A.B. asks: 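One structure coming up, written as structure tokens, with questions to follow.
A note on names: the letters A, B, ... follow the listed sequences, proteins ahead of strands, and every chain is numbered from 1. These numbers were taken from a predicted model, which means no experiment stands behind them.
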Number of protein chains: 2
Amino acid sequence: MAMAYAALNTINEPAERRCNAAAGCVNCGARELSVCAAMPASDMSRVTSIVSHRRADAGETLLNEGDKATHFLNIVDGTVKVYKLLPDGRRQITGFLYPGDLLGLAFNDTYTSTVEALTPVKYCLFPRRQFERVVDEFRPMEKQLLARASNELVAAQEQMVMLGRKTAQEKIASFLMALIDRNRRVNKRSDSVVLTMTRADIADYLGLTTETVSRGFTRLKTEGWIELCAGGKVRVCDVEALSELAAGADR
Amino acid sequence: MAMAYAALNTINEPAERRCNAAAGCVNCGARELSVCAAMPASDMSRVTSIVSHRRADAGETLLNEGDKATHFLNIVDGTVKVYKLLPDGRRQITGFLYPGDLLGLAFNDTYTSTVEALTPVKYCLFPRRQFERVVDEFRPMEKQLLARASNELVAAQEQMVMLGRKTAQEKIASFLMALIDRNRRVNKRSDSVVLTMTRADIADYLGLTTETVSRGFTRLKTEGWIELCAGGKVRVCDVEALSELAAGADR
DNA sequence: CGACGGTTTGAGTCCGGTCAATTGTCGTGG
DNA sequence: CCACGACAATTGACCGGACTCAAACCGTCG
């Protein structure tokens, strides 16, 4: 019972915070399921019994849009991109997922997006039916799933504002700021980020072209707000300015 | 117990289908809460005891972005728009809500969007704390909320594709097709829709300007695919063509 | 070293935005 | 019933930001 309350308290916090706050976090501890911060050993063994640990190399596809949705999955290590395609090949990346992120909230009987590894990835695979049974039996998990879905909806709406109303430059600034904010939450250095994705990926995420993204970065560089280092590393010199641009103060 | 299963079966269906399928649907019956198709009288009285029925005229604001999130609400009659603003006034409408739609899945401690009535609106207001207690006590409701959130996430991703990768003409076609699909689900005439929102609203939903939306409509008209009638009514003559354009077969 | 994929840079085009004027619609009141 | 005003919708002319096409420039890895 006390356990249940511990889990309930974390409901409206982002995944990263939860992980750091709770010593018993399954993701950071056993690295299996990041949804429940405090799970009794009995339930945990149920989870352990249905999970299968997998790996994928960069470029490999984890899930295919349109396939029957048989599994939930949990990213343990690495980065993946989630995208949808139009019939003629135009692509929209709806999100990049990092360790601790869960995949499976946003589909019904078939997967509605394709998921592809950007880096070598470790992940956990849960047969959907069995996973749902565990959720049925351990109620705090359902609460957490709902809380996560709620958070993702908020993020999705933010993304819509970006796609629909921000300029190219603002989009790029928003993208960088989102990465910085994420770094802050997992307590890394906040003034530099590593881009594991290509310019084309960033473009497909921001609703732009590779060329425009590239031009955007060089412009931020010449204005002295960022530095482009080797290995896709970006050092942000003027977080303040970048943040203001990202917010969309004015055109 | 049998009740619980009845509710569980409807999990991955859209709200409209649920309403029509279940005779005891709270929304279509008592018009109070559309989340649970089959709720025991005892729980239902709990719901009834915390709800307050409200009305709003067109143009009135139901919720304000940034305000403390004290309530959930359920649209009973009319249409509302949900939007976010950038500091300089640019606006992105993230969705239009219709009877049966629920508001409250996508916010945490403060409202993340503003909600405004497009037509005179009837809605139900639930104090958040008490609402959550009811959810705690009637588990199928939590499952339904999760299912809804999941559906909304899928829709949000579809929206991102539209905003990021579709042309103006395709956006307009997608918008009309979405309205037609919705009409079909609630069993209305499928070949005509009524636009309760202005061109400016449509523009802010599609990430365009009023002028572009207007031009888009007239072009669809001159091509003979739609007819613009009085009272904001749009008759779709060639659903096939419109649907193909909306899907984004090619530019 | 050379090949290959990713990135940057350049020149030109076009889609959708901007600004401005006109037309249409609807509710109100004389 | 019609005239009027306010606001929405349409249409036109022009502009500009992002796209397209193309070439040059990397960095990495066999």
A.B. asks: Measure from CZ on R215(A) to P on dG6(C) and round the result to the nearest Å.
C.D. replies: 19 Å

A.B. asks: Quick one: R165(B) CZ to dC15(C) P, roughly how many Å, whole number?
C.D. replies: 16 Å

A.B. asks: Calculate the interatomic distance between I172(A) atom CD1 and dT7(C) atom P; express it in whole Å.
C.D. replies: 13 Å

A.B. asks: Distance to the ring centre below 6.0 angstrom and angle to the axis at most 45 degrees; does that hold for R128(B) and F72(B)?
C.D. replies: no

A.B. asks: The side chain of R199(A) is closest to which nucleotide in this list: dG16(C), dG6(C), dT8(C)?
C.D. replies: dT8(C)

A.B. asks: Base, sugar-phosphate, or nothing for T210(A), non-hydrogen atoms under 4.0 angstrom?
C.D. replies: nothing

A.B. asks: Taking the side chain of T209(A) as heavy atoms from C-beta outward, which of dT9(C), dG16(C), dC19(D) is closest to it?
C.D. replies: dC19(D)

A.B. asks: Please report, rounded to the nearest Å, how far the P atom of dC15(C) is from the NZ atom of K166(B).
C.D. replies: 19 Å

A.B. asks: Taking the side chain as every heavy atom from C-beta outward, state whether Q169(B) and R215(B) have any atom pair closer than 4.5 Å.
C.D. replies: no

A.B. asks: Would you say the side chain of F175(B) lies within less than 4.5 Å of the side chain of L195(B), judging by non-hydrogen atoms?
C.D. replies: yes

A.B. asks: Does the ring of F217(B) carry R199(B) above it, NZ/CZ under 6.0 angstrom from centre and within 45° of its axis?
C.D. replies: yes

A.B. asks: Looking at every strand, decide which applies to S214(B) at a 4.0 Å heavy-atom threshold: base, sugar-phosphate, or nothing.
C.D. replies: base

A.B. asks: Rounded to whole angstroms, how far apart are CG on L163(B) and P on dG16(C)?
C.D. replies: 13 Å

A.B. asks: How would you label the contact of G207(B) with the nucleic acid (heavy atoms, under 4.0 Å): base, sugar-phosphate, or nothing?
C.D. replies: sugar-phosphate

A.B. asks: Please pick, from dA9(D), dC21(D), dA20(C), the nucleotide with the shortest atom-to-atom distance to any side-chain atom of E211(A).
C.D. replies: dC21(D)

A.B. asks: Can you tell me which nucleotide in dT10(D), dA9(D), dG16(C) comes closest to the side chain of L208(B)?
C.D. replies: dG16(C)

A.B. asks: NA contact type, L228(B), heavy-atom cut-off 4.0 Å: base, sugar-phosphate, or nothing?
C.D. replies: sugar-phosphate

A.B. asks: Distance check needed: dA9(D) P versus K221(B) NZ, whole Å only.
C.D. replies: 13 Å

A.B. asks: Would you mind classifying the nucleic acid contact of G231(B) as base, sugar-phosphate or nothing, using non-hydrogen atoms under 4.0 angstrom?
C.D. replies: sugar-phosphate

A.B. asks: Please state how far atom CE in M197(A) lies from atom C1' in dT7(C), giving the value in whole angstrom units.
C.D. replies: 16 Å

A.B. asks: Would one find a side-chain N or O of T198(B) under 4.0 angstrom from OP1 or OP2 of dC7(D)?
C.D. replies: no

A.B. asks: Go through it in stages, so that I can follow the logic: the residues are E65(B) and K84(B), the test is side-chain contact (heavy atoms from CB on, under 4.5 Å), and I'd like the CA-CA distance, side-chain angles, deciding distance and then a yes or no.
C.D. replies: CA-CA 7 Å; E65(B) 181 176 354; K84(B) 288 169 79 77; 4.0 Å; yes

A.B. asks: Whole-Å distance between dG10(C) C1' and R219(A) CZ?
C.D. replies: 17 Å

